[in-house]
Amino acid sequence: MTKRIVVLGGGTGGTLTANRLHRHYKVHRVDDQRVEIVVVDQDNHHVYQPALLFVPFGLTSRQEFVRPRTEQLHPDIEFVEDTINHVDTFRDTVVLDGGRELAYDVLVIATGATLAVDETEGLGGAGWNENVFTFYDLAGATALESALDSFEGGKLVVNVVDMPIKCPVAPLEFCFLADWYFTERGIRDKVEITYATPLDGAFTKPIASAALASLLEEKGIKLLTEFNTGTVVGTDTDGDGKRLIGYDGRELEFDLAVVVPLHNGAAYVGRSEGLGDELNFVPTDPHTLQSKVKENVFVIGDATDVLTSKAGSVTHFEGEVLVSNIERFLDHEPLDTSYDGHANCFIETGFGKALLIDFNYDTEPLPGHFPTAVGMPLLKESRFNHLGKLLFQWVYWHALLPGRDIPGVGADMPRHGKQRSNNEEAMV
Ligand SMILES: Cc1cc2nc3c(=O)[nH]c(=O)nc-3n(C[C@H](O)[C@H](O)[C@H](O)COP(=O)(O)OP(=O)(O)OC[C@H]3O[C@@H](n4cnc5c(N)ncnc54)[C@H](O)[C@@H]3O)c2cc1C
């Protein structure tokens, strides 16, 4: 009997899940079980989001990182271009803005995170895209490119309003690239760069936080911790300057501000009874990726509430376990509980170098090598890592999205090559 799997979202997680499911059922199940796969997204432009970091510095162009979603999906997968209105988990049905209703046997939620600009007072108001920018969407990153180009000096503030955000290292990468960019333009001594974060350090985990804080210091970038932005004053209309005002009363003046807004889950989640939490993320089992809402609903990527980074790498690793669990669910078998929170990120540090971090729910980013004792250096700047970051875009389009396995890089975090506190490379 044909089963219908509806995938909400045709970004990183939705695309790789649909293609993996298609591959799996085509290879293994053609005779005894047919599966129909439908992907829904509100538009047909797939953006490779890590490239947004490079847009403001003129290091990439739109045609390199935006492609039609339909070209990333196997032709046997149905693509529906419409906005999701809500999900009725009692009737196992998705309702679209256009009026169509999609009944499902299994639902995959892959609708990511959205930028909640309006939730911070003043953000998105006066001075928006003139003095205050974000590079977290294509329009913002593009506007910022012109602003950086005409910036001749002054105070540049890079600010994260609150966690969780997509790719928590991206704002740090922005600071490092700004240091490189203004050096290249010969005006670095005229630019004061400050990184203002709500965290108590440069990053969430202690060893990486210390390494990244010393890199900021080495590059002359100020670090302001535990700064919780309450208000953004984007123009100098009151004569007190453009500034971020923290909830504790501290003020941070700027000439140019680059802000990463609050993130929420997709708005339709809030309209779907019982589906999401107060931020519209979907409560999800951290090891099986089955939702806590209903057995036939699975969640992947930024849309989950699991306690690992909101990152494409996480989405990719989750995909392997998720697809196996959809198959097990349809076969009435126990679910695979093996997803370990594996995350892996290149951190661009400017001047043709990058760091690499690799971690999971239990193991923080450690020094050493990835994926084995002779691989790429971890938590250490290298040209090799920078080339890895650039090469990854090709891997994304040609292996990750089509749902192919990447040799040597599996869902489980590799333990070989990581240095523990006694400076021994872990062998287990
Ligand atoms: C600036 C930046 C840099 C980044 N750098 C990195 C990096 O270096 N490494 C890394 O691993 N990750 C990075 N990321 C994060 C990575 O891009 C995301 O974690 C990843 O894309 C998450 O995939 P997803 O499928 O959960 O969400 P997305 O890929 O965002 O897909 C969600 C989809 O849902 C659709 N959708 C949402 N609501 C609706 C609706 N109501 N109706 C219809 N469709 C809807 C959207 O249109 C979208 O296509 C970066 C992100 C940003 C913003």
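This structure is a prediction, so every number in the text was calculated from the model and none was measured.
- Among V232, T134, L262, the single residue meeting the side chain to side chain contact (heavy atoms under 4.5 Å, CB included) criterion with L123 is V232.
- Between R243 and E251 there is a salt bridge, since a side-chain N of the basic residue sits under 4.0 Å from a carboxylate O of the acidic one.
- Between H342 atom NE2 and Y361 atom OH the span is 12.0 Å, to the nearest 0.5 Å.
- A distance of 13.0 Å separates CG of L21 from NE2 of H74, quoted to the nearest 0.5 Å.
- Results of the side chain to side chain contact (heavy atoms under 4.5 Å, CB included) test with F298 over L335, T17, V323, T288 single out L335 as the only residue that passes.
- D97 and N85 form a side-chain donor-acceptor contact under 3.5 Å, judged by distance and modelled atom types alone.
- Both tests hold for K310 against F281: distance to the six-membered ring centre under 6.0 Å, angle to the ring axis within 45°.
- The main-chain N or O of S146 is found under 3.5 Å from a side-chain atom of S150 such that the two form a donor-acceptor pair.
- A distance of 11.0 Å separates CG in L144 from CG in L52, rounded to the nearest 0.5 Å.
- Taking the centre of each ring, F176 and F351 stay at or above the 6.0 Å mark.
- Annotation: F174 is in aromatic contact with F135 [ring centroid separation under 6.0 Å].
- Under 4.0 Å is where a charged nitrogen must lie from a carboxylate oxygen, and between R20 and D405 at least one such pair does.
- With rounding to the nearest 0.5 Å, the separation of CZ in R383 from CG in N385 is 11.5 Å.
- By the 4.0 Å N-to-carboxylate-O rule, K389 lies too far from E348 to be salt-bridged with it.
- Listed for the T304 side chain is no donor-acceptor partner under 3.5 Å among the backbone atoms of I300.
- Using modelled atom types, one finds a donor on one side chain and an acceptor on the other under 3.5 Å when comparing D358 with N344.
- A distance of 6.5 Å separates OH in Y268 from CG in L275, rounded to the nearest 0.5 Å.
- Every ring pair (Phe, Tyr, Trp, His ring centres under 6.0 Å) that Y396 has, sequence neighbours left out, goes to H46, Y48.
- Minimum interatomic distance between H263 and P164 (heavy atoms only, all atoms of both residues): CB-O, 3.4 Å.
- Taking each heavy atom of T315 and G301 in turn, the nearest pair found is OG1-CA, 3.4 Å.
- Counting only distance, with no hydrogens or angles, the side chain of E327 and the backbone of Y25 share no donor-acceptor pair below 3.5 Å.
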Check the pair F151 / F182 against ring pair (Phe, Tyr, Trp, His ring centres under 6.0 Å), numbers first and verdict last. CA-CA 9 Å; F151 194 66; F182 292 121; 5.8 Å; yes
Can you list, pair by pair, the side-chain donor-acceptor contacts under 3.5 Å of residues 197-218, counting residues two or more places apart and other chains?
unit_1 : atom_1 : unit_2 : atom_2 : d
T197   : OG1    : L199   : N      : 3.0
S209   : OG     : A202   : N      : 3.2
S209   : OG     : F203   : N      : 3.3
S209   : OG     : F203   : O      : 3.3
S214   : OG     : A210   : O      : 3.4
S214   : OG     : A211   : O      : 3.1

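- Considering OG1 of T225 and OH of Y195, their distance stands at 11.0 Å, rounded to 0.5 Å.
- In this structure, D82 contributes its side chain and L96 its backbone to no donor-acceptor pair below 3.5 Å.
- Side-chain atoms of N44 and T70 form a donor-acceptor pair, as typed in the model, at a separation below 3.5 Å.
- For T363 (side chain) and F359 (main-chain N/O), no donor-acceptor pair under 3.5 Å exists by modelled atom type.
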Passes side chain to side chain contact (heavy atoms under 4.5 Å, CB included), L378 versus K380? Steps please. CA-CA 5 Å; L378 288 167; K380 195 173 162 199; over 6 Å; no
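- No hydrogens or angles considered: a donor-acceptor pair under 3.5 Å links the side chains of E119 and N264.
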In sequence, state the C-alpha distance, the side-chain angles, and the governing distance for N159 and T229, and then conclude on side-chain hydrogen bond (donor to acceptor under 3.5 Å, both in side chains). CA-CA 8 Å; N159 171 238; T229 306; 2.8 Å; yes
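- With hydrogens and angles left out, the side-chain atoms of D105 and N296 include no donor and acceptor closer than 3.5 Å.
- Atom NZ of K166 has more than 12 heavy atoms from other residues, nucleotides or ligands within 6.0 Å.
- Checking side-chain atoms of N325 against main-chain N and O of D336 turns up a donor-acceptor pair under 3.5 Å.
- A salt bridge links E192 with K222: the closest approach of a Lys/Arg side-chain nitrogen to an acidic carboxylate oxygen falls below 4.0 angstrom.
- The backbone N or O of M413 lies less than 3.5 Å from a partner atom in the side chain of D340, making a donor-acceptor pair.
- A donor-acceptor pair under 3.5 Å links the side-chain atoms of N19 to the main chain of Q72, judged by distance alone.
- Side chain of N131 to main chain of G234: a donor-acceptor pair is present (N/O by atom type, distance under 3.5 Å, no hydrogens or angles).
- Between R69 and D43 a salt bridge is recorded (basic side-chain N to carboxylate O distance below 4.0 Å).
- Taking the charged nitrogens against the carboxylate oxygens, R188 and D179 do have a contact shorter than 4.0 Å, which makes a salt bridge.
- Screening T284, D305, L289, D285 for a side chain to side chain contact (heavy atoms under 4.5 Å, CB included) involving V299 leaves a single residue, T284.
- Taking a cutoff of 4.0 Å between a charged side-chain nitrogen and a carboxylate oxygen, E320 and R23 do not qualify as a salt bridge.
- Residues E381 and T349 have side chains that bring a donor and an acceptor to within less than 3.5 angstrom of each other.
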